[in-house]
Number of protein chains: 2
Amino acid sequence: MSEAIPSGTRNTRQRSEVLALLREVEGFRTPQQLYVELRQRDAQVGLTTVYRTLQLLVDAGEVDTTRLPGGEQLFRWCSPSHHHHLVCRRCGTAVEVKGPAVERWADRVAGEHGYTDIDHTIEIFGTCADCAA
Amino acid sequence: MSEAIPSGTRNTRQRSEVLALLREVEGFRTPQQLYVELRQRDAQVGLTTVYRTLQLLVDAGEVDTTRLPGGEQLFRWCSPSHHHHLVCRRCGTAVEVKGPAVERWADRVAGEHGYTDIDHTIEIFGTCADCAA
DNA sequence: CTGCGTGCAAATAGTTTGCAGTTCA
DNA sequence: TGAACTGCAAACTATTTGCACGCAG
């Protein structure tokens, strides 16, 4: 039932807690934030485990990761299709956005310069309507 | 003559060394790399000073900064106009690219979702022709 | 002169790892 | 049962800061 836990790994209480939280929140979170939120809901999970679980999920392609301009890692439960994010720099709420034209632009530009094995990062940061209020 | 050092600050040997190196190299560098390269050319500059000088230059808008997927900060001497980078993930060589259409897309998307005070990050990573050889 | 700049060493912050004890399959 | 998992504490990495001294203006 609690599918989502990568196969070949164990389904532990801690992992379920992390997964459950990730699926509930709507934006990106740092491992530290997740740790705090877990404690608030009385979920007994160590910070180390939060980090390890997140890494596990990233490897399994079940969560999406990016970085704050300041350098901390952010994680978010994420739909599998390729897209980018519009992230509130205050509360972390994120909106998934698509931009097929942008993808094409990136590939074209890279190709024109002789670059191969292209990958790209597009993040839009702003203050969401709620936080701006 | 060695203009480029932000006004209101002193023109020291160390700052000139950092600036000179930045202007010579063509790609992004981490503070640590710059520090090593400076020592190799017998420029006596402390790591702390490298960090402080880079911060100074970023504040003055004279260098451009971004992050490696791993999280370390990268700095590059950079032309003043707004643009993005196509960075070789192997050697750090970077090409400045412009994409007015992308800028507009980012602003429009953000606005549609009620976000304000927009900023964006667009980085394209790839392997340059030389490194692919 | 005089205060900004420098560099060492120590402090931080985020993240990772070693290891002994615990737990799932 | 026994390998995988957990969590504490310690290790690490990148970066920042405190402070006494030095040099630019």
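The shown structure was predicted, so the numbers you read here are calculated from the model rather than taken from an experiment. Order of the sequence lines fixes the chain letters, A, B, ..., with proteins taken first and strands second; residue numbering starts at 1 for each chain.
Under the 4.5 Å side-chain heavy-atom criterion for ILVMFWY residues, a single connected hydrophobic cluster contains both A/V58 and A/L19.
Residues passing the salt bridge (charged side-chain N to carboxylate O under 4.0 Å, His left out) test with A/E103, sequence neighbours excluded: none. The side-chain contact (heavy atoms from CB on, under 4.5 Å) search around A/R15 returns A/I5, A/T9, A/T12, A/T53, A/L56, not counting sequence neighbours.
With respect to the salt-bridge test (charged N to carboxylate O, under 4.0 angstrom), the residues B/R41 and B/E37 do not qualify. The pair B/E72-B/R29 does not meet the salt-bridge criterion, since no charged nitrogen lies less than 4.0 angstrom from a carboxylate oxygen.
The phosphate of C/dC24 (OP1 or OP2) has no side-chain N or O of A/Q14 nearer than 4.0 angstrom. At the phosphate of C/dT6, OP1 or OP2 sits under 4.0 Å from a side-chain N or O atom of B/T12.
When the P atom of D/dG22 is taken as reference, atom CD of B/Q44 falls 15 Å away, rounded to whole Å. Taking atom OH on A/Y35 and atom P on C/dT15, their separation rounds to 14 Å, with Å as the unit. We find that CG of B/L54 is positioned 15 Å from C1' of C/dT6, with the value rounded to whole Å. Put simply, CZ on A/R13 is 14 Å from P on C/dT22, counting in whole angstrom units. One interatomic measurement links the two molecules: CD of A/E17 to P of C/dT23, which rounds to 15 Å at whole-angstrom precision. The interatomic distance linking A/L34 (CG) with C/dG14 (P) rounds to 14 Å, in whole Å.
Residue contacts shown for B/R15 are limited to sugar-phosphate atoms, with no base heavy atom under 4.0 Å away.
Looking only at side-chain heavy atoms (C-beta outward), B/P6 and B/D59 stay at 4.5 Å or farther from each other.
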Using ring-ring contact (aromatic ring centres under 6.0 Å, His included), reason through A/F28 and A/H85 one step at a time and then give a plain yes or no.
CA-CA 10 Å; A/F28 276 101; A/H85 298 102; 4.6 Å; yes

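With hydrogens and angles ignored, no donor-acceptor pair closer than 3.5 Å exists between the side chain of A/R10 and the base of C/dA25.
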Annotated protein contacts, base or backbone, on nucleotides 11-16 of chain D with a non-hydrogen cut-off under 4.0 Å, one of B, S, - each
---SBB

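The side chain of B/R52 sits closest to C/dC8 out of C/dC8, C/dA25, D/dC5.
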